[in-house]
K.L.:
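Take a look at this one; I'll ask things after.
Residue numbers start at 1 and run along the sequence shown.
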Amino acid sequence: MNAPAPPPTTETALELRLPGRLVLWLLAFLPAFLCAYELREHAVDVPVWDDWERVTLLEKHYAGELGLGYLASAHIDHRPLLPRVLTLLLNGATGGDLRAEMGVGFAALVVCGLCLAALVARALPEPRWRLGAVFCLNLLLFSPVQYQNLLWGTQMAYLLPLAFLCIALWGMSHPRLTAAGRFVLGAVCATAATFCFGHGLIVWPVVVCLALLERRGRPATNLALAGALAAVAAAVVWTYFNVGYVNTSQPAHAFGVEPGERPPGVQNLGETLGTERGRERVETYFLTSLGNAYARLFQSDPAAAAPTLGVLVLVLFAGLAAWAFWRGRGGRDFNAVLPWLAAGGFAASNALLGALGRAAISLNRAILPRYASSTGFLGLALVGGGALVLHRWVKAAADPESRARRGGVALAAAVGFAALQVPSWDYGKHKMAAWRDARLEEQFALSYSRLREPEAESRIDKASNWGFVERGLRLLDERGLLAFPVLDEWGWGDMRPLGRELPAARASLWRVVCVGEDLLGVEGWAEFGGAGNRPADGIVFTYRAGGGGWRVFDVLETNPLEAPKAWIGDGHFGAPKPSYAKAKNLVGFGGALRVGALPRGALVEVKAWAVDMAKREALGIKGGVRFDPAALRPGEVLLDKGGADGGDEG
């Protein structure tokens, strides 16, 4: 008589039930879906800083003068040949929508996630171990802490080398790939990464080390493979630095280097390594870079916490490397952990090269969110390699009871790690909202830039570069590549003035005073309801006389607020915006209106409108002022509420 089959274990059940496995794998990639949602909610189609470099690219393209020389030319220390080609292709396919470039950057992270998940699946046999490790990896990989890379179109150039790195890590360690296949894959991935962004150069030593150190096949074959890759690397790197290596980017985007001059490269090395203070700055920058991806856990001052975290992850990484070489006597575990060691080595090398080239410029650059993507690979290496170490430790237990206890420790470690990511995700989510606010405000300011030159340098690349931006704006507008109109005369553009007004608890015109001939100084605040109480993206001022309709005559930008200390280093792309209504007497907008063109000799009514660029709507702000422009006298107060109304009601 046949004995009944034993009930399936959790692992067996997961192996057998395909729909259930699919759901669990989707849950493992939940961070990616959450990140995609945040990207969709906060992405705004408007050029930001280095995005304006596409102007020269498009000018040459439309004039039929674009050649390989410019496509492969340097932008500071980078040669973004592949991203420039992608920019041209996406420009034609989407009508210049920069959100497509953001999508390419996100797709690069997805490729990273899939390759790293494949590495985990190859090393860990049990599904629950695989799923737990992949979920923890994705918490780091898709963290919104790197919001600048996610929401800044040109940063696809920064993220693409990470995808090529992960493809190389996965493919070159695949047990079924021949030596010839490993050579082709490594050379192609490293070359592509090199001509995306500067840190792509580091992929070359990564693929050479993978070829040399992996313990399979004949040592002579590995040595020959590594030598062949090193030879190709030498040729590509020599070409990189010696053939057409001339900066073509604008000085504002290239640390002041003029077009035609050789990019800075390693010219800071003498200063940084030649003095004790310089060497200290390099060390601080290096450790801060390595701790960047995790420092938002300490939101009181992430820049101060980052160096200590950098030391911590370095020590843990050294422990992982020691374990790998100790276990390497058998070969199997060493081969499984080698790709993770390579990923960590990439991150550490990236941080070191960044320190050597940038420490003399500013230590704050080490904590910029956009650098958390690449140096964060050290954390990914610890998660992927650490999962393998924990798995081997649990399975090595002498009896089921010990195995259960060790399994509990491993589960607690995974849960604790996931819990530690919550502050970072919360921080990044709020910063994504702040970025969106600044970008919508930029759209507003650029819409009226021909009539009133923008003022807020924190939102628009204007520092000694407004002429270049203005030229680019004209080109993009003429070609129909902007998501908003650039107005040649006062009007509403594509906005709809609504018949309703914001409640007094959300908007107010506080003060209006004549500050000079045909100039009115105004102050007030305005925000919309809903999550976050988003500030108005700009203020439109209209007038009417004799019962006619409202006519636009001037605009003001909303004022960016100074960032708290904890946010320093997160960049000059718009400070966080707390609710204006919760800070009594905090001016949300202010400036001088030009009223010289208003009708004279009769009373004119002036009204302010809060603009929502996301909805392309304008809502009235209650109240206003009436005056005869011909009768204005400097110092005359037309309205003075003291800034108190609504200040405590929001």
Side-chain angles (χ1 to χ4, degrees), residues 44 430-431 433-448 452 454-460 495 497-498 500-513 515 519-542 552-564 567 572-594 606-625 637-650:
V44 179
H430 283 86
K431 286 297 293 188
W435 177 284
R436 176 204 59 203
D437 292 350
R439 303 284 67 79
L440 290 171
E441 293 164 3
E442 180 187 354
Q443 278 193 348
F444 174 85
L446 290 176
S447 293
Y448 290 97
R452 186 178 184 113
E455 300 174 357
E457 295 187 8
S458 63
R459 292 191 291 259
I460 299 173
M495 292 179 290
L498 302 184
R500 65 179 188 273
E501 296 179 325
L502 286 169
R506 296 208 175 275
S508 176
L509 195 61
W510 286 342
R511 181 174 172 82
V512 181
V513 59
V515 295
L519 291 176
L520 287 182
V522 298
E523 294 179 0
W525 64 274
E527 64 183 18
F528 304 112
N533 286 332
R534 191 168 71 82
D537 300 316
I539 308 297
V540 168
F541 288 87
T542 60
V552 177
F553 73 93
D554 210 346
V555 296
L556 287 178
E557 300 172 46
T558 49
N559 299 334
L561 305 181
E562 178 147 352
W567 300 65
H572 2 259
F573 300 100
K577 294 289 189 68
S579 170
Y580 290 124
K582 293 179 181 177
K584 185 176 180 180
N585 295 330
L586 181 62
V587 177
F589 61 86
L593 300 179
R594 298 162 296 189
V606 168
K607 183 178 183 62
W609 304 73
V611 172
D612 183 343
M613 288 296 290
K615 298 180 178 179
R616 295 298 199 266
E617 296 176 349
L619 284 79
I621 297 177
K622 290 182 179 296
V625 292
V637 177
L638 303 180
L639 177 68
D640 189 357
K641 297 182 179 180
D645 63 313
D648 298 319
E649 299 174 19

K.L.:
Can you tell me how far CE of M495 sits from CZ of R616, rounded to the nearest 0.5 angstrom?
P.N.:
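Going from the CZ atom of R616 to the CE atom of M495 covers 8.0 Å.
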K.L.:
Locate the shortest heavy-atom distance separating M613 from S447; write the atom from each residue and the value.
P.N.:
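So the minimum-distance heavy-atom pair works out to CE-OG, 4.1 Å.
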K.L.:
Rounded to the nearest 0.5 Å, how far does CG of D537 lie from NZ of K615?
P.N.:
11.0 Å
K.L.:
Taking side chain as C-beta onward, heavy atoms only, is F444 less than 4.5 Å from V540?
P.N.:
yes
K.L.:
Charged N to carboxylate O under 4.0 angstrom, E501 versus K622?
P.N.:
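Salt bridge flag = yes for K622 with E501.
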K.L.:
If you round to the nearest 0.5 Å, how far is CH2 of W510 from CD of E523?
P.N.:
7.5 Å
K.L.:
Check this for me: does any side-chain nitrogen of one of E441 and R436 sit under 4.0 Å from a carboxylate oxygen of the other?
P.N.:
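Result for this pair is no, no salt bridge flagged.
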K.L.:
Answer yes or no: is there a donor N or O on one side and an acceptor on the other, between the side chain of S508 and the main chain of A504, under 3.5 Å?
P.N.:
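No; zero donor-acceptor contacts below 3.5 Å.
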K.L.:
Using side-chain contact (heavy atoms from CB on, under 4.5 Å), reason through L593 and L519 one step at a time and then give a plain yes or no.
P.N.:
CA-CA 5 Å; L593 300 179; L519 291 176; over 6 Å; no
K.L.:
Between A536 and A610, which heavy-atom pair has the shortest distance, and what is it?
P.N.:
CB-CB, 3.8 Å
K.L.:
With the side chain counted from C-beta on, respond yes when R452 and R594 share a heavy-atom pair under 4.5 Å apart, and no when they do not.
P.N.:
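They are in side-chain contact.
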K.L.:
Can you give me the closest heavy-atom contact between W525 and R506, atom names plus distance?
P.N.:
CZ3-O, 2.6 Å
K.L.:
Nearest 0.5 angstrom please: I539 CD1 to D554 CG, how far?
P.N.:
12.0 Å
K.L.:
Would you compute the distance between atom CZ of R511 and atom CG of L520 and round it to the nearest 0.5 angstrom?
P.N.:
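Taking CZ in R511 and CG in L520, the distance rounds to 12.0 Å.
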K.L.:
Restricting to non-hydrogen atoms, name the atom on T558 and the atom on F589 that form the minimum distance, rounded to 0.1 Å.
P.N.:
CA-CB, 4.2 Å
K.L.:
If you compare all heavy atoms of L556 against all heavy atoms of G590, which two are closest, and at what distance to 0.1 Å?
P.N.:
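Heavy-atom minimum between the residues: CD1-C, 4.0 Å.
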K.L.:
Closest approach of A507 and L502, non-hydrogen atoms and distance?
P.N.:
CB-CD1, 3.7 Å
K.L.:
To the nearest 0.5 Å, how far apart are CH2 in W609 and CG in L619?
P.N.:
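Rounded to the nearest 0.5 Å, the CH2-CG separation comes out at 8.5 Å.
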K.L.:
Between V513 and D640, is a side-chain contact (heavy atoms from CB on, under 4.5 Å) present by the stated rule, with each step listed?
P.N.:
CA-CA 8 Å; V513 59; D640 189 357; over 6 Å; no
K.L.:
Please evaluate residues F541 and V555 with respect to the criterion side-chain contact (heavy atoms from CB on, under 4.5 Å), reporting the C-alpha separation (whole Å), side-chain torsions for both, the decisive distance (0.1 Å), and the verdict.
P.N.:
CA-CA 6 Å; F541 288 87; V555 296; 5.8 Å; no
